[in-house]
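Presented below is the structure to which this report refers.
Because the structure is predicted, anything quoted here is derived from the model rather than measured. Residue numbers start from 1 in every chain, and the chains themselves are labelled A, B, ... in the order their sequence lines are given, proteins ahead of strands.
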Amino acid sequence: MLRMSSLFLRTLRDDPADAEVPSHKLLVRAGYIRRIAAGIYSWLPLGVITLRNVENIIREEMDKAGFQEVHFPALLPREAYEATNRWEEYGPSLFRLQDRKGGDYLLGPTHEEMFTLMVKGEYSSYKDLPLTIYQIQNKFRDEARPRSGIIRGREFVMKDSYSFDLTDEGLGISYEKHRDAYITTFDRLHLKYNIVKAVSGAMGGSKSEEFLAPCPTGEDTYVLCPKCGFAANVEAMVTKVAPGDASGVPALEELDTPNTPTIDSLVDVLNSKFGGGFTGASTLKNVLLMADSKAISVLVPGDREVDLKRLQAGLPGVEELRVFEEADFAKHPGLVKGYIGPQDAGKFGITVYADPRVAPGTSWVTGANKKDRHARNVVNGRDFTPDAYVEAAEIREGDSCPECSTAVVIDRAIEIGHIFQLGRKYADALGLTVLDQNGKSQVVTMGSYGIGVSRAVAAIAEQSYDEIGLVWPLEVAPAKVHIVATGKEDLPFDTALDIATKLEASGITVMLDDRRDPSAGVKFKDAELIGIPVIVVVGKSLAEGKIELRNRKSGEKSEVAVGDAISAVTTLIASLS
RNA sequence: CGGGGCGUAGCGUAGUGGCUAGCGCGCCUGCUUUGGGAGCAGGAGAUCGGGAGUUCGAAUCUCCCCGCCCCGACCA
């Protein structure tokens, strides 16, 4: 039983000045967390209990699925990360340190290497597989910009699991099991979420999905189809465009278009001098980029920007992607800035990528590679041919769903979980093999699965609060019932303690406000701020032998006889779960 | 790492060259109060982020450093 008379807790009346997002403000105000440094937080008793509750739900679901818990140190030697090259590759986000002898260590940002090595040390037969093991542990990442309180910290609690299989089919099954376990886990946490297609990116591997909890303060943008439910991370969104029919398009014609280095200025001139009906979407934009040290050109419709993240996701192996600068133009004197077209790309020796929207057979207005000149009726396949197609254009609300062509919506969310099929990258690098039925050595294939535990606490808070405070789901709350005793006599306090004791005896956790000094108003405000789902008030109505029951979420209040308190609370709790 | 903002008591803040750094919340003591963040009286608590400089005089002006927040780049 938590007794507020002695609980290590101080609630704050004002929002902390350094907090912006609701979860951060409320968790600090209600006395769950305190900031220590940028992206580093301490947990006070209420916070610890809440975090544990989330952790335990995750643990239970992992165990139920047959996954086994292990635990690694956060402090790790350099060697393991050397074998996969991540000591270097991880870059400045890795916390590196030295021991007294000058040996290199790191604070684990993620534990693929350690898990792989652990399995390598124990197992060597196909008969031992499949295996899925997990841990719940603090991770350390020196984020360039920690933000939003506990949503993106530099030290945070994460549940990470890894599956080990002999075959790709096995990996597929392990993956699905994990996906199912995540669904039940997040349902129990009462999170609203979407399972979204993601790109596996630098980690390599074939399939990857993110669990995204929609909320306005989320930092991830994703696409959702309101009709068929298709959901994808913006990077993983694909564009389906049918080829155009260019058979009736007249021959390419050069136009005199002085002073039109931008799309807007070009459209104005086109409409005034060359007939109406032109929009930005009629024009073809040639965006020049440096991919590592190689110049490339990307074709997108003139009304769209290039989305560098999307483009990079489609160009495996490219590490740095940036737009052309003056110095780059200087090195390519043939390129007439503002009047570039793909027709002469061969001459410049630049690889031309086209967004799928620039489909074969489509006709465009684009630069004529001469100052103050553009060309119209420039047809893909006739007047130019891209070297390759790649998703490059920005995604917009209203773009078509790749599954059913309905207009998609764009939403923001917090990434609470990520599952992906890693494949054999780590097993290969670290030599994790087992003998198969034929006595032949086989490289194991892996999956990796993460849940941000502390982030989930923030995500729940973000999805469940109101003007007066937090509103926890039953299983997450620091207690199921918050009993407030008011008045100056002993009776309400004795009665409240009696009810609390009986509830605890029946397995219902209780927080009891047995403070004598604060006025009733203070206690009500605190109870609402702290956000325990059921509030019981023992006070004024005790004169008629009654207590008051409140539903924190709905605000509903009802009075019941003291004798019926236990059953009434139990019933209310049952209705909430 | 680029751009912007900020740093005064546990929390929120006022104070832009002048006297003892002010207020609210919280905290302590006493009395009165006790169903919506009570009232009165008294009190504790701050090297004004740090350092250097300008000045008769610096929270206030200058320089350097540190820290924090927001936008962007980045982010299993």
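Between G2(B) and U8(B), the two P atoms lie 25 Å apart (nearest whole Å). Rounded to whole Å, the C1' atom of C61(B) lies 16 Å from the corresponding atom of G15(B). Using C1' as the reference atom, C31(B) and C25(B) are 22 Å apart when rounded to the nearest Å. The gap from the P atom of A44(B) to that of U62(B) amounts to 36 Å, rounded to the nearest Å. The separation of U60(B) from G53(B), taken at their C1' atoms, amounts to 15 Å, rounded to a whole angstrom. Distance check on atom P: C1(B) versus A9(B) gives 28 Å, rounded to whole Å. The gap from the C1' atom of C64(B) to that of U54(B) amounts to 15 Å, rounded to the nearest Å.
Using a 4.0 Å heavy-atom cutoff across all strands shown, P16(A) reaches sugar-phosphate atoms only and no base atom. As judged by a 4.0 angstrom heavy-atom cut-off over every strand, A37(A) is placed among residues touching the sugar-phosphate backbone only.
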List the atom pairs, with distances to 0.1 Å, where a side-chain N or O of residues 533-543 of chain A and a protein N or O form a donor-acceptor pair under 3.5 Å, not counting sequence neighbours.
{"residue": "S541(A)", "atom": "OG", "partner": "K546(A)", "partner atom": "O", "Å": "3.1"}

Legend entry - Nucleotide-level pairing of RNA chain B, given in dot-bracket where Watson-Crick and G-U pairs need both distances under 3.5 Å and | marks other strands: ((((((((.[[[[.)..(...]]]].((((((.....)))))).....[[[[[..)....]]]]])))))))....
Inset, instruction - Show your reasoning for whether side chain to side chain contact (heavy atoms under 4.5 Å, CB included) applies to T132(A) and F164(A). - result: CA-CA 6 Å; T132(A) 296; F164(A) 301 85; over 6 Å; no
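In this structure, NZ of K25(A) is placed 15 Å from C1' of C11(B), rounded to the nearest angstrom. One interatomic measurement links the two molecules: CG of D14(A) to P of A9(B), which rounds to 14 Å at whole-angstrom precision.
Residues W472(A) and Y32(A) place their aromatic rings such that the two centres sit under 6.0 Å apart. With ring centers used as reference points, Y449(A) lies 6.0 Å or more from Y162(A). For Y81(A) and Y90(A), the distance between ring centers is not under 6.0 angstrom.
A donor atom on one side chain and an acceptor atom on the other are found under 3.5 Å apart for T11(A) and D526(A). Side-chain contact, K159(A) with S161(A): a donor N or O sits under 3.5 Å from an acceptor N or O. Using modelled atom types and a 3.5 Å distance limit, the side chains of D160(A) and Y134(A) yield no donor-acceptor pair. H178(A) and S163(A) share no donor-acceptor pair across their side chains, judged by distance under 3.5 Å alone. Side-chain contact annotation: Y41(A) with H24(A), donor-acceptor N/O pair under 3.5 Å present. When only modelled atom types and interatomic distance are considered, S174(A) and E176(A) share no side-chain donor-acceptor pair under 3.5 Å. Inspection of the D142(A) and S93(A) side chains reveals no N or O donor paired with an N or O acceptor under 3.5 Å.
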Inset, instruction - Any chance you could list the contact pattern along nucleotides 33-43 of chain B? Use B for base contacts, S for sugar-phosphate-only contacts and - for none, protein heavy atoms under 4.0 Å, 5' to 3'. - result: -BBBBS-----
Legend entry - Under 4.0 Å protein heavy-atom contact, by nucleotide of nucleotides 27-32 of chain B - B base, S sugar-phosphate only: ------
Legend entry - Sequence-aligned protein contact record of nucleotides 70-75 of chain B, with B where the base is within under 4.0 Å of a protein heavy atom and S where only the sugar-phosphate is: BBBBBB
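More than 12 heavy-atom neighbours from other residues, nucleotides or ligands sit within 6.0 angstrom of CZ on F67(A).
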N/O to N/O distances under 3.5 Å, protein versus nucleotides 13-16 of chain B:
none

